[in-house]
Every structure is written in structure tokens, then in C-alpha cells.
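These notes are about the structure you will find just below.
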Amino acid sequence: PSLHHEEVRRRVETDVDEFWRYMKSKLHKLRELSRGKDTELIVNAMLEDGQALHRSAVNDLYALKNVDDIDEWRLKESLELGEIIQKRLNSLQHPKNCQKAKLFVCEMKNNCGFGCQLHHVVYCMITGYANNRTVVIPATHWQYAPSGWESVFQPISAPCLQANGVFPERDGHNILRPDVSSLVGVENDFPINNDYLPLAVPDDIADRLLRFHGNPAAWWIGQFVKYLLKFQPSTQKAIEEGIKRLNWTTPIAGIHVRRTDKVNHEAGKHEVEEYMVHIDEWYGQLKERQPVLKKRVFLASDDPNVLQEVQQKYPGYDFISDQEVSKSADPRNRYQLTSLYGVLQDIILLSRCNYLVCTFSSQICRLAYELMQTYNGDASSNVQSLDDMFYFGGQTEHIMDVREPHVPREQGEIRLDWNDSVGIAGNHWNGYSKGRNRRTGETGLFLAYKIKDRLKRAKMPLYNVKES
Ligand code: GDP
């Protein structure tokens, strides 16, 4: 299919979803106002039939996406381009002479969860890629694994592996030591620009990527996650044994319920019902495409009580979850090796789900989404977030273009005109999005379908590795 065809098809997908989100949210309000009145029955019928119509449209679009087996082509493209990026990363990270190579030291000093730390290394790697520098991790004590990164993962740069706590001597300006806890140092060290940061993708692969994928930035970030998640045999064994206990089969949907320390500090609490509404809808769609013998849901959570709750509330579902893993995710146990194995197992399994509901405010959910892209053709719409839109910590402003003007109707809404663009703040998943009109400076709500993504391209080194 041409790029134009794919862009139009993805637009229709978004329009269908935004339309139904809008209608559903308004109909719910209308139902509240019609309680006990004759109109209540009509509203109920509209909700039920609207849902069925939406499901039908989604399934038609699903079929359209794979007409003439285009999905096979997408998968081939995704794997081929992925292979190219992996080769480039390998070559960048394995310089022939580490004494001469320009290094970029990625310190692991910040005290945050595993997802936060892994994303931090991704940030370093993207900076390294864009500036032609080999990234190295100092072999200091690491809170998750006392014997360091390499005791769990394969070294990210075997030739430049640190020996005895000292990197090879070199002249000062060839080695960069950004202040990692704030990352401000990175910008200071590269004052030229930071246009390479997500959600930008390298200009030389942008066209190819945009043709087969609906969220190029997530695919691109996913390649770095994939590069980093190469395990040592002991890690591999621990994770495989964990997965074996779970009796994993597909098709399967997944939910990541982030609780404990996150709730009320960094993110709101979402009840299991909010997740399951989407899972219900997804299984409703799947049933029209293929027989579904058992509705299976993989549950990952840092709160071991969630499993019992969903089992009680949803007896029609088979929930699969590793209770040992959820227990080890307790904030008090968090920085231990067993906890690290557990969270790795959960991230991998979440990324293997055919459909996933989670909160993009959580780095675990975003990691699973990013990783998911690397072994699918286009899984950009296989995840539903209950809060944020997809983002990358430290990203530059996410700009979207206006495709239709918006005239404010209610308080809190802002005007959008032709040719305006917005710095997007979030989608409220009720038909509305929030953002800042970059021309007027006003921040507020508008109908979500009225804006569309603008892909940011950044010139990066070309890495002429043999890309057979
Ligand atoms: P965030 O706080 O959710 O954005 O993600 P972080 O990875 O930065 O910190 C959360 C930490 O909580 C993780 O690193 C895990 O240790 C733990 N955690 C959160 N959710 C899960 C889960 O579903 N499974 C497991 N095993 N651990 C989790």
C-alpha cells in the first residue's frame, strides 16, 4: 500500500474510535439526566447498538488492514528494518579500538524503578546514536543487581567494558560525563541541538518506517529496549522458568495494574473495572473474527491483591498471573535481584499480549508497548492507555497539526484554526484532547479528532554498516 493509503486508513481508525468515545461519554451523561424517564430506554439502546456498530466498524477496519496479506509485508518490513538498526547499534557499541573511540558515559545513579532506569539508558543510547558515540555504563554498584549491569544483562559494549572501575585513559573532551540525575548535563554537553530526542526518528529511515507503522517513535525506542534486554544465561533461565509455570498460550489479552507507591503521587488510581471494559470490548471483537474458547487475561501488578479481586469480579475469565512476582514487586523488596527477574518477566509477557490495557504514566507499561513493536508488524494500536498518551521521558514538545478548526463551545475549550498546531498534553479518552495552541498560547480542550500527528525527523549519522 502507498503511504497515502496507510495514512488515510489510520485516520479512519482514529476517527471511528474518537467518534465512539465522544458518543459514549455524552450518552453516559444523557443517561444520568434521563434516569426514570422514558428517554432512559432510548439512551440505553443507543449505548448498546452504538457499541455493536463500533465493534463492527473496528472489525471491518481490522480486515482492511490485512487485505491481501499486507500484515505479512508489515511484519517483514518491521523485522528487516529492526535488523538494520540492531546492526548499527552493534557496530556503534563495538568500536575496533576502544582506546580511540569517543565514549559517552551513562551513569546509573538515580534512585528510581527499573523502568525508569532502563529508559534512562535508552536516553543515553539515543544520544549516543545521534552523536556517534559509544555508550558505556560504569560498573559500579547498581541498586537492582549488586554485581552490576553485566551480571544480569550482556554488556552493552563488550570491547569498552570497564576494567577495575576505570575507563581507558583518553583526552578530556573525548569522554562525556553528563550529570545523569537531572540529564541537564546532556544538553550542556551537546549544546548544538537536542532535536534528535524522541519523539523524533532518524530522517534516513522515517519514510520506510512511516509506511508500515502507526507510531514510528515507539518502534524506534523499542529497538533500543530490544538491544538492551539481552540477558545473561542465569537471567534467561530464571525468566524462562517463571514463564513455564504460567502455562502461557495465545490469544491472550493483558492488563498492567500499577498500584502501591505510584497511586496518588504520580498517577491516579484506576479500578479494575476500567481495565476490564476494554478487555470485554476486545474479546467481543475477537469473537467475531475467530472462535474463542477461553477468555484469557494476563495480569501484571505490583499489588498481589489485584488477582483475587479480578477473579471474584470476572468469573468468566481465566486470569494468569505470577503471584511470586507481584509479591516481589513490593516497594520494600523492589531493589533485589528476584524483583528484577520478576519485573523483566512481567514486561516481556505484557509485550507478548495480543492486546494490552495499562497506564502510560507507568514506565513498565510503556516499556511493554515499545518492546511489543519490535516483534510485530504494526502493534501501535494494540495497547489502550487509561491515562497518558504515549510519551518518552525527556522528549521534546509533542507537536500535532490541526486538520479541522475548533470553535469553543463549553468552558475550558480553546479555538483552533486552519494551519494552527498544538503542543499536545493528553487525550482524555472521551472524545476530547488537551493541548496548547502554539499560535495563541491558549491551553485547553478541543475535539481529539481535529488534530493529527506530525512526524518529527532528525538528521542523524548514517551508519553505513553492511545492511544486507
Ligand atoms: P513506574 O513507577 O510504574 O513508572 O515504573 P518504574 O519501573 O520506574 O518503577 C516501578 C517499579 O515497581 C518497577 O521497577 C518494579 O520494580 C515495580 N513494578 C511495578 N509494576 C510491576 C509489575 O506489574 N510487575 C512487577 N514484577 N513489578 C512491578
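Residue indices begin at 1 and follow the sequence shown. Fair warning: this is a prediction, and the values are worked out from it, not measured in the lab. Counting convention: from 1, in listed order, for ligands and their atoms alike.
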Inset, instruction - Starting from the C-alpha separation in whole Å, work towards a yes-or-no answer on side-chain hydrogen bond (donor to acceptor under 3.5 Å, both in side chains) for Q345 and D322. - result: CA-CA 9 Å; Q345 178 178 322; D322 194 329; 3.1 Å; yes
Inset, instruction - Provide the full list of disulfide (SG to SG under 2.5 Å) pairs with a residue in residues 249-363, sequence neighbours left out, each pair given once. - result: C358-C365
Legend entry - side chain to side chain contact (heavy atoms under 4.5 Å, CB included) involving N376 - partner list, sequence neighbours excluded: M372, A379
Legend entry - Residues in side chain to side chain contact (heavy atoms under 4.5 Å, CB included) contact with Q308, at least two apart in sequence or another chain: Q312
Quick one: ligand 1 N/O to protein N/O pairs below 3.5 Å?
residue: ligand 1; atom: 2 (O); partner: R258; partner atom: NH2; Å: 2.9
residue: ligand 1; atom: 2 (O); partner: K262; partner atom: NZ; Å: 3.4
residue: ligand 1; atom: 3 (O); partner: R258; partner atom: NE; Å: 2.6
residue: ligand 1; atom: 3 (O); partner: S362; partner atom: OG; Å: 2.6
residue: ligand 1; atom: 4 (O); partner: K262; partner atom: NZ; Å: 2.8
residue: ligand 1; atom: 4 (O); partner: Q363; partner atom: N; Å: 2.8
residue: ligand 1; atom: 7 (O); partner: F114; partner atom: N; Å: 3.4
residue: ligand 1; atom: 7 (O); partner: G115; partner atom: N; Å: 2.6
residue: ligand 1; atom: 8 (O); partner: C116; partner atom: N; Å: 3.2
residue: ligand 1; atom: 12 (O); partner: R334; partner atom: NE; Å: 3.0
residue: ligand 1; atom: 12 (O); partner: R334; partner atom: NH1; Å: 3.4
residue: ligand 1; atom: 12 (O); partner: R334; partner atom: NH2; Å: 3.2
residue: ligand 1; atom: 14 (O); partner: F114; partner atom: N; Å: 2.8
residue: ligand 1; atom: 14 (O); partner: Y144; partner atom: OH; Å: 3.1
residue: ligand 1; atom: 20 (N); partner: H256; partner atom: NE2; Å: 3.1
residue: ligand 1; atom: 23 (O); partner: H256; partner atom: NE2; Å: 3.1
residue: ligand 1; atom: 23 (O); partner: S301; partner atom: N; Å: 3.1
residue: ligand 1; atom: 24 (N); partner: D346; partner atom: OD2; Å: 2.6
residue: ligand 1; atom: 26 (N); partner: D346; partner atom: OD2; Å: 3.1

Inset, instruction - Classify the side-chain pair D204/Y463 by whether it contains a donor and acceptor separated by less than 3.5 Å. - result: no
Legend entry - Over 12 non-hydrogen atoms of neighbours within 6.0 angstrom of NZ in K313: yes
